[in-house]
Amino acid sequence: MSETGNKDSLWIVVGDIHDEPELFARIPEIGQADGVIITGDLTITGGARQAETVMAAINAHCPVLWAQIGNMDRPEVNTWLEETGCNLHTHTHELTPGVAIFGVGASTFTPFGTPSEFPEATFAEWLEGCWQKARRFPAQVLVSHNPPKDTACDVIPGDVHVGSSAVREFLEEAQPDVCLCGHIHEARAVDRVGRTVIVNPGNLAAGGYALLHCRDGKLSVELKVLD
């Protein structure tokens with residue numbers, strides 16, 4: 001992967017918390033982590049008050065957080081995250097020296113009519129907007145609540161792929177180093193689109209999480225699960 005700054009760092013990746021952040025305290029790497037990346041779905045159709053409760057529970061163990069809405073979070077959660085200064089959705093930030101992190105939260109349309117759903121064309125616009133800044137960095141991490149279509153990270157029972165075609169097309173063309181996703185709880189997996197490593201850690205309530213490492217100027221991700 002691309003070379004980055006000299007500082008080694010470790011980030012805990014969680015998602016699909018759904019108002020149940022309690023298991024976060026059991027992640028053994030908490031004491032070593034530089035921060036936490038939340039891929040989306042802090043709540044179950046909750047608003048800012050519920051999101052604040054979830055974020056406070058995680059923040060008690062790790063002071064640096066980057067987060068974004070999932071499809072189950074109401075739009076006011078995005079506004080609240082914006083006000084706290086830790087929002088990933090439609091933003092590009094410097095994660096560590098030489099590494100950009102950028103996000104697209106929410107999801108494409110589902111059969112369930114959840115609070116934050118948008119058409120594929122909107123995701124394509126968001127991704128392109130973030131990429132204009134992220135591409136200037138030696139390495140990039142995309143955080144997409146919606147997994148890319150036709151990967152191991154978007155499969156539901158019946159071998160049906162329900163991910164985003166816009167995210168898939170973006171990865172094929174832009175090739176960021178890493179794509180962290182969620183949304184599909186049962187599709188806990190690692191896959192690739194070209195050189196981009198895709199990781200869905202599964203839902204935190206089931207003990208799923210991942211570790212994003214920056215070691216010797218290179219990015220790597222590993223899936224983990226609580227005992």
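Position 1 is the first residue of the sequence, and the numbers go up from there. Everything numeric in this text was worked out from a predicted model, so none of it was measured.
Linking ILVMFWY side-chain heavy atoms closer than 4.5 Å, directly or via other members, places Leu88 and Trp131 in two distinct hydrophobic clusters.
In this structure, the side chains of Leu180 and Leu142 stay at 4.5 Å or more apart for every pair of heavy atoms. Between Val36 and Val14, the closest side-chain pair of non-hydrogen atoms falls below 4.5 Å. Considering only heavy atoms from C-beta on, Asp19 stays 4.5 Å or farther from Leu42 through its side chain.
Trp126 and Phe123 have perpendicular rings, their planes meeting at more than 60° on a 0 to 90° scale where under 30° would count as parallel.
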Ignoring hydrogens and angles, write down the donor-acceptor pairs under 3.5 Å from the side chains of residues 44-57, residues two or more places apart or on other chains.
from  : atom 1 : to    : atom 2 : distance (Å)
Gln50 : OE1    : Gly47 : N      : 2.9
Thr53 : OG1    : Arg49 : O      : 3.2

Residues 160-170 side chain polar contacts: donor-acceptor under 3.5 Å, at least two apart:
from   : atom 1 : to     : atom 2 : distance (Å)
His161 : ND1    : Thr151 : O      : 3.3
His161 : ND1    : Asp154 : OD1    : 2.6
Ser164 : OG     : Glu120 : OE1    : 2.8
Ser164 : OG     : Ala166 : N      : 3.2
Ser164 : OG     : Val167 : N      : 3.0
Ser165 : OG     : Glu120 : OE2    : 3.3
Arg168 : NE     : Glu172 : OE2    : 3.0
Arg168 : NH1    : Lys149 : O      : 3.2
Arg168 : NH1    : Asp150 : O      : 3.0

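Side chains of Thr108 and Asn146: a donor on one and an acceptor on the other come within 3.5 Å.
Although no hydrogens or angles enter the test, the distance criterion places a donor-acceptor pair under 3.5 Å between the side chain of His89 and the main chain of Gly105. Formation of a donor-acceptor pair under 3.5 Å by the Asp191 side chain with backbone atoms of Ile198 is not found in this model. Under the 3.5 Å distance criterion, the side-chain polar atoms of Gln68 are left unmatched by any main-chain donor or acceptor of Gly40.
Residues meeting the side chain to side chain donor-acceptor pair (under 3.5 Å) test with Thr114, sequence neighbours left out: Asn71, Glu117. When the salt bridge (Lys or Arg N to Asp or Glu O under 4.0 Å) test is applied to Asp34, the partners found at least two apart in sequence or on another chain are Lys7.
Pairs passing the ring pair (Phe, Tyr, Trp, His ring centres under 6.0 Å) check and including a residue from residues 175-210, sequence neighbours excluded, read His18-His185, His145-His183. Applying the salt bridge (charged side-chain N to carboxylate O under 4.0 Å, His left out) test to every pair with at least one member in residues 62-85, sequence neighbours left out, gives these pairs: Arg74-Glu76.
Between Phe102 and Ala134, the shortest heavy-atom contact is CD2-CB, 3.6 Å. The shortest heavy-atom contact between Gly98 and Pro138 is O-CD, 3.1 Å. Lys224 approaches Glu29 most closely through the heavy-atom pair CE-OE2, 3.3 Å.
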Given the rule in the side chain to side chain contact (heavy atoms under 4.5 Å, CB included) test, do Leu10 and Leu211 qualify, once you have shown the distances and angles that lead to the verdict? CA-CA 7 Å; Leu10 171 67; Leu211 299 177; 3.9 Å; yes
